[in-house]
J.: 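Below you'll find the structure I mean.
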Amino acid sequence: MYRTHTCGQLRAKHVGKEVLLSGWVHKHRKMGGLIFLDLRDRFGITQIVIDSKDKKIADKAKKLKYEYVVKISGDVLMRDKKDVNKNLSTGKIEVKAKDLEILSESKTLPFEIFESGKNEEDEELRLKYRYLELRRKKLRDTIIFRSEVVRYIRQYMESNSFIDISTPILTVSSPEGARDYLVPSRLHPGKFYALPQAPQQYKQLLMVAGFDRYYQIAPCMRDEDARADRSPGEFYQMDCEVSFMDQDDFFKLMEPLFVELTEKVAGKKCMQKPFPRIPYKEAMDRFGSDRPDLRYDLELTDISKWAKKTKFNVFNKANCIKALVVDRGNDFTRKIIDNDLCDAAERQGAKGLAWLKYIDNEFEGGVSKFFTKNELDKLRKLLNIEDNSIIFFAADTWETACLSLGAVRAAIAEKRELPDQNVIAWSWIVDFPMYEKDEDSGKIDFSHNPFSMPQGGMKSLKTKNPLDILGFQYDIVANGLELSSGAVRNKDPEIMYKAFAIAGYTKKQVDDKFGHMINAFEFGAPPHCGLAPGIERLVMLLSSETNIRSVVAFPKNQKAEEPMMGSPAKVDSEQLKELGLRVINKKSKK
RNA sequence: GGACCGGUAGUUCAACUGGCUAGAGCACCGCCCUGUCACGGCGGAAGUUGCGGGUUCGAGCCCCGUCCGGUCCGCCA
């Protein structure tokens, strides 16, 4: 027997009991006559006292080092009032050791387990010894929190009659979307499975099969590069799909889940209920992003009309000119504008960031000299500029103007710490355009999911300019994070062929790629729609983490390597031979 | 594929404008300590400053190259 209680369990009511505890030596304080141990497991810490006069255990106790695993039997004692540790849930008691057994020793650690300060070790080191970092309270609590989030999701979905169905892991490579991870087939040399990027097609086929409401905590694999909020390689989605619901019905069904996760599981506040629904174009126009952070204002204004009338060359040449007015303009030094804000704008494709200030009722600095007094006066009225303001301008295509000034908006908010960490501002971004034009080739292509139902159906496809056609396509967004895309699916083969034709696909090409889907839709396909929020992003949002790796137990680094196990790795030639594969040196190929 | 930032004992950091025998906390080793809880005290060991080259009387610091890591762009329907 190893334990009667966990290290986080004992309280005043246990005083007088004889207990058995096992755990790790979190800290030791060897005082000569007395030895204190902080014994730790995932439930907490209990202080053990050892009397050095007790020869039987004192010799063993003196050998103890950090992270040894020990089993201790002893009596639960009440601590003196002055000795109570208020930081520990077990702080009113301690265990006086009667016997001690070392179950496992530990080498000197590459880093310490108890968090002593703000300093973080190099991430590569922490990933290599991830099992040690997982012993730390902060990471352990996040991983436990993730488990609570997933448990709550399952309860919610099950109680709303969703059925959990596992879809294949070994599936087929899909032409559009992300780069696939391929798995060679031994029985079919030269052929490959692909790991699913998402169970998109399977879940639609489940709707055709009549499973009405499906969900799954689904692993998704994509061979794309990492970001702070995007795992390289693999991640999980709460994938779901429902039949016989339109977009509004579906939002009403799903919204309470996100509200409850926010309020009950994370203990945070929802900014607005029900969640606002913002058309894509409006989100871009007002906030300069299709995933705006709505916890603060700072809205953009279109001033193209005013700008075109001025003689300022930069404004005259651009399609669209947007402005952002920010108070306390004196806060913005040249250094902040040039380094931080201009950078943010340029990263979104802007060629620069124009600005001017309105201080002591005078326009000054930046581009102010390019405008007449009269023009500036009109601008002041147009934008309602108050004293001590700074005005930023973006002049470019509509999209670049919005996105670059949106990036400036976000950078200012971050600098001023405007977002409230205890609030989650959820919203649905709706009415995404079906198509977009590639700026270089001029080709029309799907802007998002080709399986979405166009608004207005066949009539829109036949009569409208493709770039004006909106889809029943939506994102759920919170605090500037895109949790998921979703859509009402296109289940009508005729509309599907037409939608693909607009993007330049022939009927044969569609049949070759998606014939199985079209086939299925010809046997009675119910109207259906769905959503697939990323679990990692959801947990990040709910726990205010900013790096996706801190909510994953064994994450991959930016190069999609896992330093602890050493993946990816070479395989021996026998394995390759069996699969009919040969590795070609990439450099010598040239 | 591209841009930017970083790399100094096991670890977290320091070392001003190029002057150094590269320091400090924690961890590690030894001794002392009966109420600690970031215990304390005394002593000790620990470094090819990522790697290679250059400039210089002298390089952790400047220059060139390279490797590694991170952030961002491309990419991710």
Side-chain angles (χ1 to χ4, degrees), chain A residues 26-40 45-54 58 62 65-67 77 79-88 90-91 94 96 106-129 132 174-180 197-198 200-201 220-233 235 339 343-344 346-350 403 407 411 432 434-436 445-452 471 473 475 482 484-487 489 503 532 534 546-549 557-559 561 563:
Chain A
H26 187 64
K27 282 234 127 186
H28 51 66
R29 294 174 290 280
K30 298 174 183 174
M31 319 275 301
L34 273 183
I35 296 170
F36 295 99
L37 302 178
D38 288 346
L39 197 65
R40 186 200 73 237
I45 286 174
T46 300
Q47 175 163 281
I48 311 293
V49 198
I50 294 162
D51 189 338
S52 298
K53 274 181 273 175
D54 189 347
K62 278 175 193 163
K65 295 200 278 186
Y66 284 17
E67 298 304 307
L77 303 182
R79 295 196 195 187
D80 278 355
K81 246 185 195 153
K82 68 176 171 57
D83 293 333
V84 166
N85 186 338
K86 283 176 188 154
N87 298 321
L88 288 183
T90 61
E94 62 193 2
K96 178 88 188 287
S106 169
K107 294 204 291 191
T108 301
L109 299 159
F111 51 81
E112 287 151 50
I113 305 303
F114 66 93
E115 290 112 309
S116 49
K118 283 174 197 164
N119 301 331
E120 281 208 315
E121 292 78 12
D122 192 66
E123 189 168 35
E124 196 187 3
L125 184 77
R126 287 183 284 123
L127 288 184
K128 188 173 173 192
Y129 296 96
L132 294 181
S174 140
E176 92 300 342
R179 199 176 291 116
D180 284 312
Q197 300 176 19
Q200 179 66 37
Q201 297 188 34
C220 302
M221 278 69 77
R222 295 176 190 178
D223 189 2
E224 295 294 348
D225 290 347
R227 288 290 181 278
D229 64 351
R230 196 167 83 204
S231 302
F235 62 99
N339 294 354
D343 250 33
E346 281 173 1
R347 259 185 259 130
Q348 293 299 323
L403 289 177
F432 278 88
M434 281 292 288
Y435 300 97
E436 64 188 7
D445 204 353
F446 291 106
S447 60
H448 291 274
N449 185 337
F451 299 114
S452 307
Q473 198 157 311
D475 281 0
E482 182 204 311
S484 169
S485 287
R489 317 299 175 184
T546 51
N547 190 306
I548 200 157
R549 291 183 294 279
N557 67 15
Q558 195 171 38
K559 289 204 173 134
E561 300 161 328

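Each chain gets a letter, A, B and so on, in the order the sequences are listed, and its residues count up from 1.
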J.: Taking atom C1' of B:rU12 as reference, at what distance in whole Å does atom CZ of A:Arg126 sit?
T.: 12 Å
J.: Would you mind telling me which residue lines up with the more 5' stretch of RNA chain B, A:Leu109 or A:Phe446, judged by nearest nucleotide?
T.: A:Leu109
J.: Roughly how many Å is it from NZ in A:Lys82 to P in B:rC39, rounded to a whole number?
T.: 17 Å
J.: Taking the basic N atoms (NZ, or NE/NH1/NH2) and the acidic carboxylate oxygens, is any pair closer than 4.0 Å for A:Arg29 and A:Asp38?
T.: yes
J.: Show each protein N/O and nucleotides 46-48 of chain B N/O combination with a separation under 3.5 Å, one pair to a line.
T.:
none

J.: For B:rU8, what is the paired nucleotide under Watson-Crick or G-U wobble rules, both distances under 3.5 Å?
T.: none
J.: Scan A:Arg79 against the nucleic acid and name what it touches under 4.0 Å (heavy atoms): base, sugar-phosphate only, or nothing.
T.: base
J.: Between N or O atoms, less than 3.5 Å apart, protein on one side and nucleotides 68-72 of chain B on the other: list the pairs.
T.:
from   : atom 1 : to       : atom 2 : distance (Å)
B:rG69 : OP1    : A:Glu561 : OE1    : 3.3
B:rG69 : OP2    : A:Lys559 : NZ     : 2.6
B:rG70 : OP1    : A:Gln558 : N      : 3.0
B:rG70 : O3'    : A:Arg549 : NH2    : 3.2
B:rU71 : OP1    : A:Asn547 : ND2    : 3.3
B:rU71 : OP1    : A:Arg549 : NH2    : 2.9
B:rC72 : OP2    : A:Ala228 : N      : 2.8

J.: Ignoring the backbone of A:Leu34, work out which of B:rU34, B:rC28, B:rC37 is nearest its side chain.
T.: B:rU34
J.: Hey, are A:Lys27 and A:Glu112 close enough for a salt bridge, meaning a charged N less than 4.0 Å from a carboxylate O?
T.: no
J.: C1' atom, B:rA45 versus B:rC61: distance in rounded Å?
T.: 28 Å
J.: Considering Watson-Crick and G-U wobble pairs with both distances under 3.5 Å, what does B:rC76 pair with?
T.: none
J.: Once salt bridge (Lys or Arg N to Asp or Glu O under 4.0 Å) is applied, do any residues pair with A:Glu224, and if so which ones, sequence neighbours excluded?
T.: A:Arg179
J.: Looking only at N and O atoms, is any donor in the side chain of A:Gln47 or the base of B:rU36 less than 3.5 Å from an acceptor on the other one?
T.: yes
J.: Okay, side chain of A:Arg126, backbone of A:Glu121: is any donor-acceptor separation there less than 3.5 Å?
T.: yes
J.: How many Å lie between CD1 on A:Ile50 and C1' on B:rU36, as a whole number?
T.: 13 Å
J.: For B:rC39 and A:Arg29 - does any side-chain N or O of the residue sit under 4.0 Å from the phosphate oxygens OP1/OP2?
T.: yes
J.: Do the side-chain N or O atoms of A:Lys65 get closer than 4.0 angstrom to the phosphate oxygens (OP1, OP2) of B:rA27?
T.: no
J.: Consider the side chain of A:Arg230, meaning its heavy atoms from C-beta on, and name the nucleotide among B:rC37, B:rC76, B:rA27 that approaches it most closely.
T.: B:rC76
J.: For the base of B:rU36 and the side-chain ring of A:Phe36, does the geometry meet a stacking cutoff of under 5.5 Å between centres and under 30° between planes?
T.: yes
J.: From CE of A:Met31 over to P of B:rG41, roughly how many Å is that when rounded to an integer?
T.: 12 Å
J.: In the structure shown, which nucleotide is the Watson-Crick or G-U wobble counterpart of B:rG43, with both distances under 3.5 Å?
T.: B:rC29
J.: A:Lys30 near the nucleic acid: base, sugar-phosphate alone, or nothing, with a heavy-atom cut-off under 4.0 Å?
T.: base
J.: Where each residue is assigned the nucleotide of RNA chain B containing its nearest heavy atom, which of A:Asp51 and A:Leu125 is assigned the position nearer the 5′ end?
T.: A:Leu125
J.: Using a 4.0 Å heavy-atom cut-off, does A:Ser447 contact any base of the nucleic acid, only the sugar-phosphate backbone, or nothing at all?
T.: sugar-phosphate
J.: Under 3.5 Å, is there an N or O donor on one side and an acceptor on the other linking the side chain of A:Glu94 and the base of B:rG35?
T.: yes
J.: Report the nucleotide, chosen from B:rC76, B:rC39, B:rG35, that has the shortest atom-to-atom distance to any side-chain atom of A:Ala178.
T.: B:rC76
